[in-house]
Structure formats: C-alpha cells, structure tokens
Amino acid sequence: MDFGASMFFTDYSMTPTALAQALEERGFESVWAPEHSHIPLSRESPFPGGGDVPKRYYDVMDPFVTLTAAAMATKTLRVATGICLVVQRDPIQTAKLVASIDQVSGGRFVFGIGAGWNAEEMANHGTAFKTRMALMQERVEAMKAIWTQPKAEYHGQFVDFGPMMTWPKPVQKPHPPVLVGGNFPHGARRALAFGDAWMPLASMPAYADIGEFIPRFRQMAAEVGRDPASVAIQVNNVPEEPARLARYRDQGVIRVVVSLPSAKEDEILPILDRWVPLMRGVTS
C-alpha cells in the first residue's frame, strides 16, 4: 500500500516544490492537489464538513500549475488531482492539460476527479447541479476518447463534438488512471461506471470507517460485470491510526492519502516525520 499527501496549495502554504521534495525524501509515493475555482459568497450550499467554508477553499491555487511545479522538482513522486472538478472544466481543454502534465512528468500523473458539492460555484460555470453527475460521466468519456483516438469524436447529451485531432497524447496507456471520488454507494457506482478506481474519504458523518463498505464495493463490482480486482480502492483523509492503516492494507487498498493543513515547513515537516514510522510499519 502506498502513501500520498494532499494540500490546498496557497500563497501562505508550503510551496508545491518544497512539499513534493519533502514527500519524496521521506518515501511518500504521491502528492495530491484539490481545487476550487472560487467560492461564491452565497451560502445556499452547506459545507460538507459543517460550519463555515475554510479559508483555504477560497485561496487554493490551480492544481495543474502546482502539480507541474511539483513534478519538475522530483524524480519519482506521482502528482495527482484530488479532486479535479471536471464538471466546471471544458473537457477538450482539460484533456490537453492532463496529457500535457503526464508528458512533462514522464507518466507520473494520476487524475482524481469528482463532481463537487457547491451548487453556486457550478452555476457560475454554467453547470446545473441536478445533472452534474451525468455531465461528469460524459466529460470523462469524451476525454478518454481524446486521449486514445487519433481522430476523436464524442456525441452525448451534454458533450458533443465531431472528429478532431489534438495532441499530445498521455505517456500512460491507454491514459492516466481515473480515480472517482465519492462515498458509498453513489460514488462507488460512479467509479464502477467510468473510473479505474474508487476514492472515498476515510470517514464522514454518515459512517465511521469506509472500510466497512469495501467488501460491499467489490460485490457491487462483480454484480455489474467488472472484475473486482481490476478496480482499485484509495482512501483519503486517513488518520494516524496504525491499526486502521493495517486494516486498509489487508483489505487491498492500493493507496492512502494524508490531508495536510495549508501551512509552512515548520508545521508540515514534523507531521510528515510522524508519518514515516507509520508508513514503514504498514509496508514492512
């Protein structure tokens, strides 16, 4: 089982270059960057974590920029979006971004995606909250066509374009892994419909530990005709709990991701150092 770390990169956090180098030096496998284009001042959409929206959500930098910096500063560290809000991004341009960062990183990009929770943010991009899941699936399918076909075309309800030529194509074949965020059962179903892996949070108000749903996810995969072994599972926002981490490993989770605060080195490096023996204990 691999270990990654996620940070909302801001102008007051540790830089993506510095964090990526610190992670690689300590044996982490990947760095993850979430995104929000903006946060509308209207608060009709409640923050999933409860209370006010944290400041870092307003301030976060574009993930493709920060991850490119991270990739250029490292040799083996994988760089990943977690999550990219594809319902707010043009699929043709996003396909080019993904292929480009996979090229410049030498095939180290992981495409973590989701639909998001902020209806007002989506509306500013012309996306209807009600149909966002169907839109997300079509955009992912359209991007896969662009990545894998020399003369790609796609015709759907929300995404529609005729034959086109666009390069570069990704280094990874057929394309970088697409990890679909979301909890059980709806996020799990979406991962099985158009993803390479399922990416839930370790815990939410509705459940204490996502581990209880992993056997049910594999059963669901078999029921829809997908080989359970072919759909990976990654768990985000994991706590510093050796027993739980070992349980995820034993359940076949491929990667866990630690959520870091948007802070400078003096706060972040001690956190990373605490994780090093935890990682060794689970992977040894």
Side-chain angles (χ1 to χ4, degrees), residues 34-40 42 44-46 48 62-64 80-102 109-170 172-200 217 220-221 223-227 230-232:
E35 80 164 332
H36 279 279
S37 59
H38 66 295
I39 301 295
S42 165
E44 294 175 21
S45 296
D62 181 90
F64 288 96
T81 51
I83 58 175
C84 175
L85 295 170
V86 294
V87 301
Q88 298 178 184
R89 285 182 172 267
D90 174 81
I92 298 172
Q93 194 64 54
T94 305
K96 184 176 284 285
L97 279 170
V98 168
S100 297
I101 194 171
D102 200 51
F109 182 67
V110 181
F111 195 31
I113 66 166
W117 54 270
N118 195 320
E120 300 92 279
E121 181 181 359
M122 292 176 212
N124 289 168
H125 290 278
T127 296
F129 189 78
K130 217 165 137 184
T131 55
R132 71 195 188 283
M133 300 304 181
L135 173 67
M136 178 168 67
Q137 180 166 352
E138 286 196 8
R139 286 188 173 172
V140 171
E141 290 171 350
M143 287 189 281
K144 287 180 179 179
I146 291 171
W147 295 326
T148 59
Q149 298 172 18
K151 296 179 181 178
E153 63 181 291
Y154 186 87
H155 303 284
Q157 179 183 356
F158 302 101
V159 181
D160 188 7
F161 55 81
M164 67 160 70
M165 296 178 69
T166 178
W167 267 260
K169 304 299 184 186
Q172 298 176 82
K173 302 302 180 191
H175 51 72
V178 178
L179 282 64
V180 182
N183 297 311
F184 194 89
H186 304 297
R189 288 197 190 103
R190 290 190 289 273
L192 292 171
F194 54 89
D196 301 303
W198 178 39
M199 186 173 59
F217 172 73
M220 183 188 294
E223 289 170 353
V224 299
R226 292 197 66 173
D227 177 2
S230 72
V231 190

To the nearest 0.5 angstrom, please state how far the CD atom of Glu120 sits from the CD1 atom of Ile39.
9.0 Å
Applying side-chain contact (heavy atoms from CB on, under 4.5 Å) to Tyr154 and Glu138, what does each step give before you reach the verdict?
CA-CA 9 Å; Tyr154 186 87; Glu138 286 196 8; 3.5 Å; yes
Let me confirm one number: the CE-CZ distance from Met133 to Arg190, rounded to the nearest 0.5 Å.
3.5 Å
Look at atom NE2 of His38 and say whether more than 12 heavy atoms of other residues, nucleotides or ligands are closer to it than 6.0 Å.
yes
Distance-only, no hydrogens or angles: does the Lys169 side chain make a donor-acceptor pair with backbone N or O of Pro174 under 3.5 Å?
no
Distance, nearest 0.5 Å, that separates OG1 of Thr127 from CG of Leu85:
10.0 Å
Can you establish whether the number of heavy atoms outside Lys173 located under 6.0 Å from its atom NZ is more than 12?
yes
Just so I know, are the side chains of Val140 and Phe111 near enough to count as touching, which here means a heavy-atom distance under 4.5 Å?
no
I want to check something: taking the side chain as every heavy atom from C-beta on, are Met199 and Ile83 in contact at a cut-off of under 4.5 Å?
yes
I'd like to know if the side chain of Arg139 reaches the main chain of Val86, judged simply by a donor and an acceptor atom lying under 3.5 Å from each other, with no hydrogens or angles considered.
yes
Got Val110 and Leu179 here, is their nearest side-chain heavy-atom distance under 4.5 Å?
yes
side-chain contact (heavy atoms from CB on, under 4.5 Å) assessment of Met164 paired with Lys151
CA-CA 5 Å; Met164 67 160 70; Lys151 296 179 181 178; over 6 Å; no
How long is the span from the CZ atom in Phe158 to the CD atom in Gln137, to the nearest 0.5 Å?
11.0 Å
I'd like to know if the side chain of Thr148 reaches the main chain of Lys144, judged simply by a donor and an acceptor atom lying under 3.5 Å from each other, with no hydrogens or angles considered.
yes
Counting only N and O atoms by type, is there a donor-acceptor contact under 3.5 Å from the side chain of Gln172 to the main-chain atoms of Pro177?
no
Are Glu141 and Met143 side-chain neighbours, meaning at least one heavy-atom pair lies under 4.5 Å?
no
Please lay out, stage by stage, how Glu121 and Gln88 fare under the test side-chain hydrogen bond (donor to acceptor under 3.5 Å, both in side chains).
CA-CA 8 Å; Glu121 181 181 359; Gln88 298 178 184; 3.0 Å; yes
Using side-chain contact (heavy atoms from CB on, under 4.5 Å), reason through Thr166 and Ile92 one step at a time and then give a plain yes or no.
CA-CA 9 Å; Thr166 178; Ile92 298 172; 5.6 Å; no
Examine the side chains of His125 and Ser37 and answer whether a donor and an acceptor come within less than 3.5 Å of each other.
yes
So, are Lys96 and Asp102 salt-bridged, with charged N and O less than 4.0 Å apart?
no
Could you tell me which residues satisfy ring-ring contact (aromatic ring centres under 6.0 Å, His included) with His36, sequence neighbours excluded, listed by chain and number?
Tyr57, Trp117
Given side chains that start at C-beta, do those of Ile113 and Met136 come closer than 4.5 Å, heavy atoms only?
yes
Output the distance between atom OG (Ser100) and atom CZ (Phe109), rounded to the nearest 0.5 Å.
10.5 Å
Can you tell me how far CZ of Phe217 sits from CG of Leu192, rounded to the nearest 0.5 angstrom?
4.0 Å
Close side-chain approach of Arg89 to Gln93, heavy-atom, < 4.5 Å
no
Can you find a pair of side-chain heavy atoms, one from Val98 and one from Trp147, that are under 4.5 Å apart?
yes
Measuring only between side-chain heavy atoms, which start at C-beta, is Val87 closer than 4.5 Å to Leu135?
yes
